[in-house]
Structures are given as C-alpha cells and as structure tokens.
Amino acid sequence: MIDGFIKVAAATPKIRVADCGFNADSIIALMSEARDKGVNILVFPELCVTGYTCHDLFYQQTLLNGAENALMRIVKESEGSDMLIAVGCPLADSYNNKLYNCAVVFQNSKILGVAPKTYLPNYNEFYEMRQFTEAPGDDEIHGSIRIGDEYHYFGNRLIFECENLPELKFGVEICEDLWASEPVSIGLAKRGATIIANLSASNEIIGKDDYRRELVRGQSARLMCGYIYASAGEGESTQDLVFGGHRLIAENGTLLADSGLFTKGLTISEIDVKRLCHERRRNTSFRNVPNDCACGPFTFNLKKNELTRKIEPMPFVPSSSGEKSKRCHDILAMQAHGLAKRIEHTHCKSVVIGISGGLDSCLALLVCVEAMKLQNRSMSDIITITMPCFGTTRRTKSNAEQLCSILGTTLRVIDISNSVRQHFKDISHDEGNLNVTYENCQARERTQVLMDVANEENGLVIGTGDLSELTLGWATYNGDHMSMYGVNNSVPKTLVRHIVDYYAENATEPALSKVLRDILDTPVSPELLPAKNGEISQITEDLVGPYELHDFFLYYAIRWGFPPKKVLRLAESAFEGYDRSEILRWLRSFYKRFFAQQFKRSCLPDGVKVGSVSLSPRGDWRMPSDAIAKLWLDELENIE
C-alpha cells in the first residue's frame with residue numbers, strides 16, 4: 001500500500017445452490033489464496049454464501065440459519081489477517097421481520113458493517129422483490145442489524161475508512177445498484193469512497209458482458225474511483241439462467257483487469273487511491289456532500305505491494321496498433337483544425353515555417369498541409385524556409401528540400417552563415433568558441449528570418465517545438481521558443497514520432513513515404529554545432545537524456561502530481577533497458593530543468609491543446625518562474 005497502491009481482488013468461488021457449508025469452504029479457500037498473494041481488499045459475488053438462485057428457498061428458516069452459520073465461520077477464518085473482505089449473504093432483520101440481500105464487510109474476524117441492496121430488479125428473469133426488501137430509506141441509514149449476538153452498522157451509505165491510509169475509503173453496492181438510473185455508488189463517491197465494490201449475480205446473455213464492461217469502466221471514470229466487480233459463476237447456473245463469473249477491476253475509466261467469461265477464482269490488480277485523490281482535488285466539479293454516512297473504520301499493515309498492473313513505458317502512446325492509429329489521426333486533425341481557424345481569423349495570405357529536416361518541423365509542415373486542405377487552399381501558400389548554417393548536414397538539408405518539393409510548398413533556401421558571422425563580429429564573439437552564444441545566435445537568426453518573411457508575405461509563423469522540449473526548456477528563448485502559433489505545443493516527442501510514422505504509412509505517394517521514413521531514422525538534433533565528417537555531431541538525447549524517460553516523468557510527475565519516489569518506482573517497473581542509477585540520473589535532470597525553465601513556458605505563443613497534459617500558461621499549468629526544486633531533489637537524494 002506504499003505509494004497508494006491497494007492490491008484488490010474480485011473472486012468467483014465454485015458454489016452449490018443452497019449448500020452453505022460447501023460454499024463457505026470455497027469462499028474460505030479463495031480467502032486463503034488471496035491472503036497468500038498479498039491481497040488487501042477481496043470482493044465476492046452477491047449472495048454467494050447461499051447462491052443467488054435459491055428463489056423461494058429464501059423463505060426457509062433452515063437456509064437462513066445455514067447462511068448465518070456459514071457466514072460466522074467465514075468471518076472467523078479471517079482472523080489474523082488485515083485483508084478487508086466483502087461477502088454476499090441473505091440476512092433477516094428480527095426487528096422488522098424483513099429479509100435483505102446484503103454485502104457483509106469484515107476484517108480480522110470482526111464484522112465492520114452490512115450494506116443491503118437498494119434496487120431490487122423485478123423484471124424479466126429477476127423477481128427479487130418477491131423475497132427481499134430494499135435498503136431502508138434516508139431516515140434510517142444509520143441503522144443496525146443483528147448477526148449472532150452482536151449488532152452491526154446497517155445501511156446503504158456505509159463508508160469503511162482506513163485510519164492509517166486516509167485516501168482509502170471503501171463503499172459497497174450490489175448488482176442492480178449500478179444498473180439503476182441513480183446508482184448507489186454515486187452517493188458513496190460523493191461521501192468520499194475512493195474504491196467501490198459491486199457484489200453481483202449477473203446472468204449471461206449475448207452482448208451483456210460488453211455492456212457490463214463499459215458500465216463498470218464508465219462508472220469508475222465518472223466517479224473518479226476504483227471499481228471492483230465480482231459476479232457469480234460456476235455452480236450458480238440453474239433452470240433458464242447461465243452465470244459467467246465475470247470479474248472486472250477498473251480505475252478512473254481504465255480497465256485494469258478482466259477475467260472474461262466462464263472462469264472462476266481470483267482476478268487481481270492494484271488500484272492507486274492516491275492517484276484518484278489527486279484527480280478529485282484538481283477537478284473542481286467533483287463535489288462532496290455532507291458527511292451523513294455511517295463509518296466502519298479499519299487499519300492496514302502498510303507495506304509495499306508488488307505491482308501486477310502493467311505500467312506502460314510510453315503513457316502517451318497507445319499500445320494497440322488500432323488505437324495508436326486512431327490517436328495519431330485524431331491529433332493531426334485537431335492540430336489542423338486549430339491552425340485552420342487561426343489562418344481564417346487572421347486573414348493571412350500564407351503560413352511560414354522553418355524546415356530543418358527533423359521530426360518536429362516535419363510534423364508541423366504536415367499539419368500546415370492538412371490545414372490548407374481544410375480551407376481548399378494551394379500548398380504554395382505554405383512558405384517553407386530551410387536555413388543552413390554551421391551544423392547543417394547534407395542529409396537533413398536534402399530531406400527538408402525533398403519533403404517541401406513533394407508537398408508542393410513554396411521553398412526558399414536562405415543560408416544564414418554570413419548573417420550569423422556578422423552578428424558574431426557585432427557582439428565580439430569568437431567563432432571558435434562553440435558555447436551557448438554560438439548556438440543561440442543561429443536559433444535567433446532563424447526566428448528573425450521567419451518573422452521578417454512573414455511580415456513581408458502577410459504570413460503566420462508556425463512554431464515547431466513540441467511538449468517534451470517545452471518541459472525541459474530545450475529551446476532558445478526568443479528563438480525557436482517563439483512563433484505566432486505553435487501546432488506541436490502539447491504533443492510529446494514520443495508521440496510526434498508515431499504521428500509522422502502514421503502519415504508515412506498512409507501516404508499515397510511512395511516518394512513522400514520514403515523521405516518521411518528517412519526523417520524518422522535521423523537522430524534528433526538541433527544541428528547548432530559543426531558537423532563531423534558530414535554527420536550530425538550534436539545528439540539531443542545524449543545531452544538532455546532519453547525522451548522516452550522524460551515523457552514518462554512528465555506524465556506521472558506533472559499530470560498526476562506523483563512524488564519523485566513514486567515516479568522512480570513506476571519507471572523501474574515500466575522500463576527494462578535502464579538501471580536504477582540511470583533512471584535516477586535523468587529524473588534529477590528532469591526536475592532541475594523543469595523548475596529552471598518555467599520562465600520560457602510562462603510566455604508561450606498560442607497552440608492547440610490535444611491531450612490531457614499541457615503546459616500552456618493560459619490553461620493547464622500555472623507555476624511561478626522562480627520556484628525552487630529543492631524538496632523534489634532532496635527526496636531523490638534520500639532514496640535508499
């Protein structure tokens with residue numbers, strides 16, 4: 001549970017209808033297996049102590065006595081473990097002589113509370129109102145129910161709060177409570193529940209599993225919660241109904257685990273409650289209601305859970321090829337439509353873009369092409385300028401010129417070497433001194449050329465820098481840092497590569513695909529230092545670190561606000577090609593650069609937002625330019 005990861009499991013035991021002793025044995029066996037696997041929260045199906053399909057046998061006192069005895073044995077078997085467990089069982093209330101379909105929550109041989117089902121389906125194959133009574137109304141939510149010789153919290157607004165991990169608050173709903181128009185889980189989440197369990201007995205018909213899957217995923221997203229769904233399976237099927245034992249674990253719209261149909265046993269993953277709390281804090285439309293719920297407090301022995309959930313090394317890039325293609329298509333469309341609107345608004349006659357033969361300017365040019373298509377304008381309205389200087393290689397210059405020629409843009413080649421040398425003379429800089437002045441003079445001269453041509457042609461200068469470069473401040477202030485509209489501002493470097501690759505794959509002209517492929521194979525470089533033997537001498541990732549690591553850090557450290565220790569842990573889990581010391585080295589560099597370079601982000605030009613991570617000072621990220629990184633760096637220094 002260190003770092004907020006709660007190991008949860010949905011369980012489907014093999015049962016026999018009305019055989020409470022056999023069912024208790026199956027439940028206890030899965031409890032033991034879950035304990036051995038380090039599970040913190042274990043959820044069983046609806047009415048699993050008796051079986052859901054007992055029907056009018058629920059009127060039989062013999063069955064109810066057997067269920068209570070089996071329940072007490074199950075609860076006793078939890079002794080010595082801090083695993084929080086929810087089991088479905090019918091319980092009669094001796095006070096009002098009603099029968100309830102209940103979820104019993106217990107830990108270490110102690111029952112913490114009982115949540116009755118609120119919505120009883122009474123349609124098609126369901127007729128629960130024949131045997132059961134719905135949960136008490138709002139005026140009775142803090143009731144109690146007797147089990148054995150003791151009374152326990154009873155109601156559909158129970159919150160089970162972990163006293164030594166306050167981010168963990170656990171709530172329970174039962175089957176139809178989710179399918180109803182006003183799910184019980186909404187009230188639980190508004191009252192603080194970060195993990196919600198659903199004890200279910202949902203029979204199978206064609207297509208129902210897909211609907212159920214989307215229902216669980218959607219509810220976890222809407223409520224910004226973790227959701228554990230455990231349904232009845234083997235042994236429950238009888239007469240007209242078949243049960244598939246479907247088990248699902250979701251977190252804020254992401255399906256972490258899916259058992260599929262017709263399986264039994266445990267489905268395990270980890271839900272990150274600290275991540276959920278972060279999301280609720282930043283989302284001001286998620287509003288709590290007055291705390292009018294009953295609370296069943298508990299504690300955990302806090303330990304570091306082994307992660308079984310997959311941590312993707314490239315969180316901005318979908319792992320499936322279909323989803324990846326769709327994302328690339330959609331982002332390119334967003335960029336093009338954003339730029340088309342700006343072109344329309346400014347009534348500009350052209351767009352002006354510097355082309356280096358690198359990835360970022362390549363993507364920016366492709367965006368310009370798509371924007372012109374949207375406006376039915378000629379590609380000659382795109383003025384592409386390549387500006388060779390001291391570090392330009394034949395390969396990048398050739399690729400830039402070929403790309404512009406194939407796309408039909410108006411290409412200008414403006415060699416800036418003499419202009420930069422004159423500037424060196426003006427400021428008394430020795431051309432042999434290859435320092436930051438040497439580099440930045442070239443970047444600023446290129447920006448000046450672009451701006452002046454745009455003035456001359458009534459054009460709009462299109463920025464090419466991407467989100468990863470903005471994160472690290474890898475841009476020359478008032479040089480490539482500046483433009484009139486930045487189309488790549490919220491596209492991380494790892495995704496830039498895939499969008500260009502997508503364009504190459506779908507290009508109808510073989511020549512276009514070929515030059516894009518060669519650009520993809522070219523090392524990322526600003527080409528500001530002299531080439532060596534005609535080859536690029538300045539490799540960006542050798543200087544600032546691997547972009548795949550920095551994009552990963554950006555996603556978890558900035559988007560989710562994770563502390564450095566947690567970011568390191570996730571990176572170690574996600575990446576096999578880096579050892580701990582190398583990840584630590586670049587993580588330190590990430591924090592230093594991110595804090596030191598905020599002043600560049602504070603004055604960014606407009607640019608289209610395409611994803612959930614953006615550093616625009618007008619929208620997603622407001623940070624003082626003089627903030628100190630000491631707390632973050634100290635945490636890294638103190639890592640064992």
Side-chain angles (χ1 to χ4, degrees), residues 2-5 270 272 274-275 304-319 358-360 436 439 465-475 491-498 501 520-529 532 535-598 600 613 615 628-640:
I2 302 299
D3 298 321
F5 289 109
E270 296 80 36
D272 186 351
K274 291 193 175 183
R275 176 173 176 164
K304 188 173 183 178
N305 285 325
E306 178 186 354
L307 295 181
T308 61
R309 60 187 279 175
K310 183 172 177 56
I311 308 299
E312 295 289 350
M314 288 193 285
F316 294 105
V317 182
S319 54
L359 268 178
D360 289 343
V436 67
E439 296 184 37
D466 63 48
L467 178 63
S468 306
E469 293 177 342
L470 295 174
T471 300
L472 302 173
W474 190 248
V491 185
K493 185 76 79 177
T494 47
L495 198 48
V496 168
R497 178 171 295 279
H498 287 279
D501 181 67
L520 284 164
D521 290 338
T522 304
V524 176
S525 171
E527 292 194 321
L528 295 174
L529 295 179
K532 293 181 179 178
E535 299 295 327
I536 294 172
S537 64
Q538 189 181 23
I539 308 299
T540 297
E541 290 182 286
D542 290 345
L543 302 170
V544 298
Y547 275 117
E548 62 180 355
L549 283 182
H550 286 305
D551 284 357
F552 186 91
F553 301 154
L554 167 66
Y555 183 76
Y556 286 106
I558 306 306
R559 165 63 179 90
W560 292 103
F562 287 175
K565 287 183 180 179
K566 188 169 181 176
V567 176
L568 173 64
R569 179 184 178 187
L570 293 177
E572 287 184 289
S573 178
F575 293 96
E576 296 181 356
Y578 301 96
D579 60 29
R580 183 184 179 90
S581 62
E582 192 171 9
I583 295 173
L584 264 174
R585 173 195 173 194
W586 293 121
L587 186 54
R588 289 190 188 98
S589 175
F590 172 86
Y591 281 110
K592 288 177 181 178
R593 295 192 70 96
F594 187 81
F595 274 79
Q597 301 294 316
Q598 173 61 28
K600 295 179 182 177
V613 183
L615 296 177
I628 303 299
K630 186 177 186 302
L631 284 174
W632 290 261
L633 295 174
D634 284 351
E635 183 172 318
L636 288 175
E637 291 302 320
N638 294 325
I639 288 177
E640 297 177 1

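Throughout, residue positions are numbered sequentially from 1 according to the sequence presented.
Within the 4.5 Å cutoff, the side chain of Asp272 has heavy atoms near those of the Lys566 side chain. Between Phe590 and Leu554 the shortest side-chain heavy-atom distance falls below 4.5 Å. Counting heavy atoms from C-beta on, the side chains of Ile311 and Tyr556 come closer than 4.5 Å. For the pair Lys274/Trp560, no side-chain contact is recorded, criterion being any heavy-atom separation below 4.5 Å from C-beta on. Residues Leu470 and Lys600 form no side-chain contact, since every pair of their non-hydrogen atoms from C-beta on lies 4.5 Å or further apart.
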**Request:** Under the side-chain contact (heavy atoms from CB on, under 4.5 Å) rule, what do Trp474 and Gln597 come out as? Steps first, then yes or no, please.
**Result:** CA-CA 9 Å; Trp474 190 248; Gln597 301 294 316; over 6 Å; no
**Request:** Output, in order, the C-alpha distance, side-chain angles, deciding distance and verdict of side-chain contact (heavy atoms from CB on, under 4.5 Å) for Tyr547 and Met314.
**Result:** CA-CA 10 Å; Tyr547 275 117; Met314 288 193 285; over 6 Å; no
**Message:** Using the rule given for side-chain contact (heavy atoms from CB on, under 4.5 Å), can you reason through Thr471 versus Ile558, listing the C-alpha separation, both sets of side-chain angles and the distance that settles it, and then say yes or no?
**Reply:** CA-CA 10 Å; Thr471 300; Ile558 306 306; 5.7 Å; no
**Request:** Start with the C-alpha gap between Arg593 and Val544, add the side-chain angles, then the distance that decides, and say whether side-chain contact (heavy atoms from CB on, under 4.5 Å) holds.
**Result:** CA-CA 9 Å; Arg593 295 192 70 96; Val544 298; 4.1 Å; yes
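Using a distance-only test at 3.5 Å, with no hydrogens or angles considered, a donor-acceptor pair links the side chain of Asn638 to the main chain of Asp634. Side-chain N or O atoms of Asp3 include none that pairs as donor or acceptor with a backbone N or O of Phe5 at under 3.5 Å. For the pair Arg580 (side chain) and Glu572 (backbone), a donor-acceptor distance under 3.5 Å is absent. For Glu312 (side chain) and Pro318 (main-chain N/O), no donor-acceptor pair under 3.5 Å exists by modelled atom type. Of the possible polar contacts, none joining the Asp551 side chain to the Pro492 backbone as a donor-acceptor pair under 3.5 Å is found.
Atom-to-atom distance recorded for Leu520:CG and His498:NE2 is 9.5 Å, nearest 0.5 angstrom. Atom-to-atom distance recorded for Leu587:CG and Lys592:NZ is 11.0 Å, nearest 0.5 angstrom. Expressed to the nearest 0.5 Å, how far CZ of Arg585 lies from OG of Ser589 amounts to 8.0 Å. Note that CG of Leu549 and CD of Glu582 are 7.0 Å apart. Values are rounded to the nearest 0.5 Å. Atom CD1 of Ile639 and atom CG of Leu568 lie 4.5 Å apart (nearest 0.5 Å).
Aromatic pair Phe553/Phe594: ring centres not closer than 6.0 Å.
Donor-acceptor pairing under 3.5 Å is recorded for the side chains of Tyr578 and Glu548.
Val613 approaches Leu467 most closely through the heavy-atom pair O-CD2, 3.7 Å. In terms of heavy atoms, Phe552 sits closest to Ala574 at CE1-CB, 3.7 Å. Annotation for Thr494 and Val317: closest pair O-CG2, 3.8 Å, computed over non-hydrogen atoms. Shortest non-hydrogen contact noted between Ile2 and Arg569 is O-NH1, 3.1 Å.
A salt bridge is defined here as a Lys NZ or Arg NE, NH1 or NH2 lying under 4.0 Å from an Asp or Glu carboxylate O, and Lys493 with Asp466 meets this definition.
Within a 6.0 Å radius of CD in Glu306, no more than 12 heavy atoms belonging to other residues, nucleotides or ligands are found.
Note: Phe595 and Tyr591 have tilted aromatic rings, judged against thresholds of 30 and 60 degrees for the angle between ring planes.
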